[in-house]
Amino acid sequence: MRLTVFGTGYLGVTHAVCLAELGHEVLGIDIDAAKIEMLGEGRVPFYEPGLEHLLLKNLESGRLRFSTSYADAAEFADLHFLCVGTPQKRGENAADLSHVDAVVDTLAPLLTRPAVIVGKSTVPVGTAARLTVRVRGAAPAGEGVEVAWNPEFLREGFAVADTLRPDRLVFGIERDRPGSAEGALRDVYTSLLTQGVPLVVTDLATSELVKSSANAFLATKISFINAIAEICEATGADVTVLADALGYDARIGRSFLNAGLGFGGGCLPKDIRAFAARAGELGVDQALSFLREVDSINMRRRTKVVELVAEACGGSLLGMNVAVLGAAFKPESDDVRDSPALNVAGMMQLHGAAVSVYDPKAMANSRNLFPTLEYATSTSGACKNADAVLVATEWAEFVALDPVELDSAVRARVIVDGRNCLDPSVWRSAGWIYHGLGRR
Ligand code: UGA
């Protein structure tokens with residue numbers, strides 16, 4: 001099939017590349033000419049394992065191209081995926097839909113043939129219905145244009161695998177137009193459906209809500225275990241052992257029960273806020289008021305880590321050298337949007353510490369966001385003369401750190417494990433003072 005993908009961020013590039021990998025002819029569109037040029041040359045503008053290899057492969061096959069031209073897009077295909085960002089509005093909790101609206105407003109007047117616009121971006125419930133009216137009003141093809149929603153559940157760091165082997169596919173289809181967009185989407189994903197990937201076909205509103213609810217649930221699960229970590233801290237219990245014990249209950253499950261610095265990134269934080277804001281607009285704000293608590297628990301973890309490092313340094317951060325290992329919001333990503341690691345690094349600097357940050361992939365993005373922090377080029381460089389070392393992102397190379405090797409770099413053998421990813425006994429037996437979150 002011929003398909004277009006609007007937006008070449010984490011979601012759009014992965015989707016375009018994977019659609020080509022599934023055998024379709026794909027045209028990726030973005031208004032950012034520099035990004036389009038980079039992608040056309042086979043370079044991915046962010047770090048995502050395995051993606052660049054597939055990009056090159058599909059560019060070479062001729063199935064994948066990139067362009068800035070909406071006219072080319074409207075001419076090329078009749079099924080258009082919308083993958084642009086929906087960030088948090090400045091100074092508000094609601095989602096900023098200006099990018100989504102801009103794509104639809106620019107594309108609609110060019111749609112002279114019947115077409116389907118398929119949204120993948122995370123949007124407040126009701127957006128698809130609103131866009132349907134808007135696009136039909138502006139498109140020469142009028143009623144011939146359909147809007148469907150096919151929410152995306154990929155995780156950064158596993159984006160390719162999550163797209164080519166998703167847990168499920170969800171199609172939101174207009175209630176009074178059953179059949180046509182659903183058929184087109186079934187054709188797009190034929191190979192996944194024949195492999196047995198579960199499919200849920202529903203209305204537009206339900207499909208939008210599936211995504212908001214999934215992220216709200218994941219955020220709640222993380223904040224639940226972090227709230228329990230606070231109780232563990234007050235009682236001397238160990239949250240990691242507790243989480244293992246909870247996880248054996250199949251109804252609960254062990255994943256997303258890792259207590260630590262909490263969630264960040266470009267999705268969970270802004271999505272729970274937008275979801276609660278939308279509930280308010282709908283007059284049911286009480287239904288999601290617990291998400292504000294989920295948010296507060298999450299943010300408290302960042303303050304807690306700053307306090308823990310200060311305690312580990314003898315009560316104050318003033319004049320202390322602190323090494324921060326990890327800046328990305330999670331491992332296998334260079335994304336620093338709302339990164340707990342960088343946030344904590346910035347707070348410790350404000351408390352008077354000299355902070356040196358090292359991340360295997362996120363250095364350039366970190367420098368752009370927090371130019372005033374000091375950046376090292378290696379773990380040992382960041383740890384030079386450190387009074388405390390904070391592991392803020394659980395990259396494999398930090399999990400595998402040898403305390404004996406690090407010994408010669410630091411001024412004091414103090415390690416704060418912000419992700420509970422280290423083995424305390426290994427560090428303690430090497431003479432280090434180990435601090436975890438929610439554990440003695
Ligand atoms: C999240 C969802 O997991 C995806 O399903 C969704 O498609 C995506 O948002 C999106 O809306 O686009 P992602 O932001 O890539 O994916 O990252 P996650 O793996 O969910 O991790 C989010 C944050 O939670 C990270 O900061 C991670 O360190 C933290 N986390 C995760 C914990 O603190 N504890 C855990 O047990 C798990």
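In listed order, ligands and their atoms are each counted from 1. Predicted model, so just to flag it, every value in this text is computed and none were measured.
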Taking N or O atoms only and a 3.5 Å limit, does [X] qualify as a polar contact for ligand 1?
| X | value |
| --- | --- |
| L218 | no |
| K330 | yes |
| R155 | no |
| I222 | no |
| N215 | yes |

Any heavy atom of C267 sitting closer than 4.0 Å to ligand 1?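 So C267 counts as touching ligand 1.
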Tell me whether G262 reaches ligand 1 (any heavy atom closer than 4.0 angstrom to a ligand atom).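 It does; at least one heavy atom falls under 4.0 Å.
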How would you list, by chain and number, every residue that makes a side chain to side chain donor-acceptor pair (under 3.5 Å) with E307, sequence neighbours excluded?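 None.
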Using a 4.0 Å cutoff against the non-hydrogen atoms of [X], which atoms of ligand 1 qualify?
| X | value |
| --- | --- |
| D271 | 11 (O) |
| L257 | 36 (O) |
| R419 | 28 (O), 33 (O) |

[X] atom [atom1], over 12 foreign heavy atoms within 6.0 Å:
| X | atom1 | value |
| --- | --- | --- |
| L246 | CG | yes |
| Q286 | CD | no |
| Y189 | OH | yes |

Any idea which part of L11 is under 4.0 Å from ligand 1, heavy-atom wise: side chain, backbone, both or neither?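 Near ligand 1, L11 shows nothing, with every heavy atom at 4.0 Å or more.
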Under-4.0 Å heavy-atom contact with ligand 1, by part of N258 that carries it: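 Both parts.
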Does R65 make a cation-pi contact with F76 (under 6.0 Å, within 45 degrees of the axis)?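 Yes, R65 sits over the ring of F76.
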Out of [options], whose heavy atom is nearest to [atom]?
| atom | options | value |
| --- | --- | --- |
| atom 8 (C) of ligand 1 | L154, I225, L268 | L154 |
| atom 15 (O) of ligand 1 | E152, E156, R301, K211 | E156 |
| atom 20 (O) of ligand 1 | F256, F263, F153 | F256 |

Any non-hydrogen side-chain atom of L55 less than 4.5 Å from a side-chain atom of F66?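 A side-chain contact exists here, since the closest heavy-atom pair is under 4.5 Å.
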Calculate, to the nearest 0.5 Å, the distance between atoms CD and CG belonging to E156 and D162 respectively.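 One gets 11.0 Å once the value is rounded to the nearest 0.5 Å.
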Any chance you could measure E208, atom CD, to T122, atom OG1, to the nearest 0.5 Å?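 One gets 10.5 Å once the value is rounded to the nearest 0.5 Å.
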Among protein heavy atoms, which lies nearest atom 26 (O) of ligand 1, and at what distance?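 Among all protein heavy atoms, the one nearest atom 26 (O) of ligand 1 is F329 O, 2.9 Å.
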Please list all pairs passing the salt bridge (Lys or Arg N to Asp or Glu O under 4.0 Å) test where one or both residues lie in residues 218-232, with sequence neighbours left out.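 Qualifying pairs: E230-R300.
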Can F256 and F217 be said to form a ring pair (Phe, Tyr, Trp, His ring centres under 6.0 Å), step by step? CA-CA 10 Å; F256 273 69; F217 190 85; 9.6 Å; no
